[in-house]
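Just so you know, these numbers use all the heavy atoms, side chains as well, and skip hydrogens, waters and symmetry mates. To find a chain, count down the sequence lines: A is the first, B the second, and so on, and within it residues start at 1.
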Protein chains: 2
Amino acid sequence: MPVTVLLVDDEPLVRAGLRAVLEAQPDIEVAGEAADGAAVIPLVRQLRPDVVAMDVRMPLLDGIEATRALLRTVPDPPKILVVTTFENDEYVYEALRAGADGFLLKRARPAEIVHAVRLIAEGESLLFPASVRQLAAEYGEGGGNRAARAALERARLTEREGEVLRLMARGLSNAEIAARLVVGTETVKSHVSAVLAKLGARDRTQAVITAYESGFVAPG
Amino acid sequence: MPVTVLLVDDEPLVRAGLRAVLEAQPDIEVAGEAADGAAVIPLVRQLRPDVVAMDVRMPLLDGIEATRALLRTVPDPPKILVVTTFENDEYVYEALRAGADGFLLKRARPAEIVHAVRLIAEGESLLFPASVRQLAAEYGEGGGNRAARAALERARLTEREGEVLRLMARGLSNAEIAARLVVGTETVKSHVSAVLAKLGARDRTQAVITAYESGFVAPG
DNA sequence: AACGGGTTCCCCCGCACGGGGGAGACGATC
DNA sequence: GATCGTCTCCCCCGTGCGGGGGAACCCGTT
């Protein structure tokens with residue numbers, strides 16, 4: 001019996017693409033589609049798919065919340081394959097923590113997508129497939145992203161430093177951060193210096209860039 | 001006789017999606033696919049499609065360069081429909097300047113995609129379809145984002161200012177930007193000041209944040 | 001009791017940054 | 001020919017930023 005898949009993505013184009021790729025396989029069947037996370041749970045109850053291919057960024061209810069809700073409320077839940085555009089999307093880690101079984105880049109080749117669905121269905125977990133890195137490398141130069149993540153991993157920011165970085169990434173000056181945290185500006189300067197040193201950033205702008213590139217903060 | 005379309009996108013998934021959507025129409029035919037801008041010109045010569053549906057962001061040769069090269073080297077060139085993820089992608093404007101005939105968001109509904117291809121094929125130009133804004137609005141709340149986008153729309157950065165902002169968003173100092181652009185630091189300071197004023201940013205950090213939030217630059 | 005990490009605050013200092021102003025050169029438009 | 005926008009470069013000037021130190025306090029571990 002075939003593997004059944006529920007497609008969840010707010011872009012009809014991506015759904016159509018996934019459907020085209022997956023339906024070309026004799027052993028895979030697309031059970032249905034949903035355009036946002038809110039529609040997933042009833043559909044899963046109804047269709048009982050083996051795998052849910054879920055986008056992370058969606059209106060109304062995003063992929064993480066949907067994953068959490070799904071695992072919490074549906075008995076014997078399907079495997080969840082997170083499909084995302086960006087390799088370093090902060091949501092990826094959250095999604096995995098939320099209970100997703102694997103994730104896949106949208107720019108993966110069809111054969112990889114099919115392979116991922118089969119693996120997930122068999123109960124394997126799928127993280128950072130090697131080929132994904134190659135694909136990313138094609139974009140050359142943009143290695144900045146992985147570097148950013150590495151920087152942030154090495155960083156091990158303290159809680160306070162994290163707060164400060166987040167406020168920096170909202171455009172606040174040292175004085176404004178000080179006011180917000182109810183401390184002196186000298187204190188903020190200490191934290192900022194620590195953040196810069198740990199991130200290997202020369203100035204606050206570079207720190208904020210690293211914050212965005214690593215997914216520590218996200219646009220939107 | 002049907003409208004023939006060449007699909008150019010580095011993501012096989014998107015190509016498959018476009019193919020599925022377009023081939024469902026009796027009057028539209030997908031003539032072929034290409035994964036990057038470099039492959040477009042020979043394919044256009046060979047297939048002579050009516051429309052090229054072209055992604056903006058691609059490895060090797062991006063959509064703008066490909067558009068320019070196409071219009072420069074191929075006699076009686078096809079219509080070019082730029083397909084992009086972000087509404088305010090900096091490349092969109094460049095692509096239109098390069099000679100593209102219209103652009104479309106990837107999150108458009110299938111009917112809109114089909115409509116766009118037909119319009120373009122008929123020689124109409126297609127810019128900022130109204131429905132696109134509605135779709136963007138669905139993402140609600142991303143208020144910060146919309147504000148950033150609005151700031152960038154109001155901004156109307158010149159080409160040079162755009163370049164400078166992009167380099168700012170890569171963490172370069174004024175001196176480094178000057179070296180990169182082969183101009184004086186005073187010149188860069190002028191551009192930076194113009195960018196800050198137009199974006200309503202107090203310092204370069206805020207400008208970079210706006211760049212990320214508006215999609216002018218994207219992580220990854 | 002001693003230690004280390006985290007948070008808080010202080011000093012001095014150099015400099016890149018950003019505001020405010022002006023100005024010349026070029027091309028497109030009127 | 002005049003005008004406008006863009007790009008280029010120059011001046012002065014104040015200050016926020018970041019480096020390099022030091023030091024106190026709390027708290028959990030050793």
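For A/N174, whose side chain is taken as the heavy atoms from C-beta onward, the closest listed nucleotide among D/dC17, C/dG18, C/dT7 is D/dC17. Among the nucleotides C/dG18, D/dG19, C/dT8, the one closest to the side chain of A/R160 is C/dT8. The side chain of B/S173 has C/dC17 as its nearest neighbour among D/dC7, C/dG18, C/dC17.
B/D27 is linked by a salt bridge (charged side-chain N to carboxylate O under 4.0 Å, His left out) to B/R118, counting only residues two or more places apart in sequence or in another chain. Looking at residues two or more places apart in sequence or on another chain, you find a salt bridge (charged side-chain N to carboxylate O under 4.0 Å, His left out) between A/R15 and A/E33. Residues forming a salt bridge (charged side-chain N to carboxylate O under 4.0 Å, His left out) with B/R180 (at least two apart in sequence, or on another chain): none.
Between B/E159 atom CD and D/dT8 atom P the separation is 11 Å, expressed in whole Å. Distance CG (B/L172) to P (C/dC17): 10 Å, rounded to an integer number of Å. In this structure, the CG atom of B/L165 is 14 Å from the P atom of D/dC7, given to the nearest Å. Between A/L196 atom CG and D/dG16 atom C1' there is a gap of 14 Å when expressed in whole angstrom units. Rounded to an integer number of Å, the gap from CE of B/M168 to P of C/dA16 is 18 Å. Remark: C1' of C/dC17 and CZ of B/R202 are 13 Å apart, rounded to the nearest angstrom. As rounded to whole Å, 16 Å separates atom C1' of C/dT8 from atom CD1 of A/I177. Atoms NE2 (B/H191) and P (C/dG18) sit 15 Å apart, rounded to a whole Å.
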Identify all pairs in which a protein N or O lies below 3.5 Å from an N or O of nucleotides 23-28 of chain D, and state each distance.
none

Which atom pairs link the protein and nucleotides 9-13 of chain C when you take only N or O atoms and keep those under 3.5 Å?
from	atom 1	to	atom 2	distance (Å)
C/dC9	OP2	A/G184	N	2.4
C/dC9	OP2	A/T187	OG1	2.6
C/dC9	O5'	A/T187	OG1	3.2
C/dC9	N4	A/S190	OG	2.9

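Between the side chain of B/E23 and the backbone N or O of B/V30, at least one donor-acceptor pair lies under 3.5 Å.
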Strand DNA chain D as a dot-bracket string - pairs counted if Watson-Crick or G-U with both distances under 3.5 Å, | where the partner lies in another strand: ||||||||||||||||||||||||||||||
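In this model, the phosphate group of C/dG18 is not approached by any side-chain N or O of B/S193 to a distance below 4.0 Å at OP1 or OP2. Within the structure, a side-chain polar atom (N or O) of A/R204 is placed less than 4.0 Å from OP1 or OP2 of D/dG18.
Comment: B/R202 engages A/E176 in a salt bridge, judged by a side-chain N to carboxylate O separation of less than 4.0 angstrom. Salt-bridge formation is not detected for the pair B/E163/B/R166: no Lys NZ or Arg NE/NH1/NH2 atom is positioned less than 4.0 Å from an Asp or Glu carboxylate oxygen.
Side-chain atoms of B/T4 and B/D50 form a donor-acceptor pair, as typed in the model, at a separation below 3.5 Å.
Surrounding CZ of A/R170 are at most 12 heavy atoms belonging to other residues, nucleotides or ligands under 6.0 Å away.
Using a 4.5 Å heavy-atom cutoff, the side chains of A/V188 and A/H191 are not in contact.
Atom OG1 of residue A/T205 and atom CD1 of residue B/I209 lie 8.5 Å apart, to the nearest 0.5 angstrom.
Between A/V83 and A/A53, the shortest heavy-atom contact is CG2-CB, 4.2 Å. A pairwise comparison of heavy atoms in A/I41 and A/A69 identifies CD1-CB, 3.6 Å as the closest pair.
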